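What you see is a predicted model, and the numbers here were worked out from it, not measured in a lab.
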Amino acid sequence: MRKTILVTLLLTFTIWPLAAQEPDTISQETTLIFVRHAEKLDDGTYNPSLSKPGKERAVRLANLLLKDYHIAAIYSTSYNRALETAQPLADSLEIQVLTYDMSDPNTLIEKLITEFRGQEVLIVGHSNTTPLLVNTTLGVGMYEQLDEKAYGYIFIVQASGLGKAGAEQISY
């Protein structure tokens, strides 16, 4: 009988406090990492692939994110240049690149924040869509459309909900 009481007390005072702390240790914020696709070929086509420097930048992006983040999902537009920017990271993580469209940015961002709560997600877009999605997440028009020659910006957004977010911009 004493052993049963002792085990019960031991479990109560060691496991219960851990369970009580669990919600505090799980992040309620989703980290959305937005990037514009890497350098594209100037071949005059509607849907160009990445150039050699673009392919190198995509590998640098993958290496940076592998080192500093635990990416749970990768989203990209359906254009070659965006998909090819995401692919080196997807290959390393052995996950599929999921495509999105821009028909309803609010719903897209809400879905990502909810579905990947407490996790980190890469979203690859374009010079106009990347700042738009960052601004949608923030709930304010903080970022302008990127210059056509501007590559290598990463927007890291910590979001607990639409309009409930903070962002930082870094380069790679």
Side-chain angles (χ1 to χ4, degrees), residues 27-41 43 45-51 54-55 57-66 68-172:
S27 173
Q28 295 303 306
E29 291 186 327
T30 304
T31 302
L32 301 176
I33 302 169
F34 297 93
V35 298
R36 177 192 181 196
H37 63 78
E39 292 89 337
K40 61 186 176 180
L41 287 172
D43 62 4
T45 65
Y46 174 73
N47 191 13
S49 290
L50 292 182
S51 64
K55 290 176 183 176
R57 183 180 299 280
V59 169
R60 281 196 312 274
L61 174 66
N63 290 336
L64 172 75
L65 295 178
L66 286 168
D68 295 336
Y69 296 93
H70 297 4
I71 303 296
I74 302 171
Y75 282 80
S76 171
T77 64
S78 60
Y79 291 94
N80 291 337
R81 56 198 177 271
L83 289 166
E84 291 171 15
T85 300
Q87 199 60 54
L89 180 62
D91 290 345
S92 293
L93 295 173
E94 298 179 349
I95 63 175
Q96 181 179 1
V97 178
L98 305 169
T99 58
Y100 68 91
D101 68 65
M102 289 295 295
S103 61
D104 188 354
N106 286 345
T107 300
L108 171 65
I109 296 301
E110 286 175 340
K111 174 190 174 223
L112 294 175
I113 292 170
T114 303
E115 188 173 328
F116 297 100
R117 179 139 339 265
Q119 298 178 65
E120 299 162 338
V121 179
L122 173 65
I123 303 100
V124 182
H126 303 273
S127 61
N128 58 342
T129 63
T130 297
L132 175 66
L133 289 174
V134 173
N135 290 338
T136 299
T137 309
L138 295 173
V140 296
M142 185 176 218
Y143 297 100
E144 299 286 326
Q145 178 172 325
L146 298 171
D147 183 273
E148 271 303 307
K149 301 226 183 275
Y151 298 96
Y153 292 112
I154 300 175
F155 301 89
I156 303 166
V157 182
Q158 302 288 334
S160 58
L162 202 58
K164 298 176 185 172
E168 77 173 294
Q169 179 183 339
I170 62 173
S171 297
Y172 72 102

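The OG1 atom of T45 sits 8.0 Å away from the CG atom of N80 when rounded to the nearest 0.5 Å. Between the CD1 atom of I113 and the CG atom of L108 there is a distance of 9.5 Å, given to the nearest 0.5 Å. Rounded to the nearest 0.5 Å, atoms CD1 (I109) and CD1 (I123) are 6.0 Å apart. Expressed to the nearest 0.5 Å, how far OG1 of T137 lies from CD of E110 amounts to 10.0 Å.
The ring pair (Phe, Tyr, Trp, His ring centres under 6.0 Å) test applied to F34 returns no partner, not counting sequence neighbours.
Listed by first and then second residue, the side-chain hydrogen bond (donor to acceptor under 3.5 Å, both in side chains) pairs involving residues 151-172 are T31-Q158 (not counting sequence neighbours).
Heavy atoms only, all atoms of each residue included: Q119 and A72 are closest at OE1-CB, 2.9 Å. Between D43 and P48, the shortest heavy-atom contact is OD1-CB, 3.5 Å. When all heavy atoms of T77 and H126 are compared, the pair lying nearest together is OG1-NE2, 2.6 Å. Between L112 and Y75, the closest heavy-atom pair is CD2-CE1, 3.5 Å. The minimum heavy-atom distance between L83 and S78, with the atom names listed, is CD1-O, 3.4 Å. For the pair I71 and L122, the tightest heavy-atom approach, listed with the atom from each and the gap, is CG2-N, 4.1 Å.
With contacts defined as side-chain heavy-atom distances shorter than 4.5 Å, the pair T136/L162 qualifies. Within the 4.5 Å cutoff, the side chain of L64 has heavy atoms near those of the I154 side chain.
At distances below 3.5 Å, not a single donor-acceptor pair connects side-chain atoms of R57 with backbone N or O atoms of E39. Under a 3.5 Å cut-off, the side chain of Y100 and the backbone N or O of V124 do form a donor-acceptor pair.
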Exercise answer: donor-acceptor pairs, residues 84-94 side-chain atoms, under 3.5 Å, sequence neighbours excluded:
{"from": "E84", "atom 1": "OE1", "to": "L50", "atom 2": "N", "distance (Å)": "2.7"}
{"from": "E84", "atom 1": "OE2", "to": "S49", "atom 2": "OG", "distance (Å)": "2.9"}
{"from": "T85", "atom 1": "OG1", "to": "A38", "atom 2": "N", "distance (Å)": "2.9"}
{"from": "T85", "atom 1": "OG1", "to": "R81", "atom 2": "O", "distance (Å)": "2.7"}
{"from": "Q87", "atom 1": "NE2", "to": "D91", "atom 2": "OD1", "distance (Å)": "2.7"}
{"from": "S92", "atom 1": "OG", "to": "P88", "atom 2": "O", "distance (Å)": "3.2"}

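More than 12 heavy atoms of other residues, nucleotides or ligands sit less than 6.0 Å from atom CE of M102.
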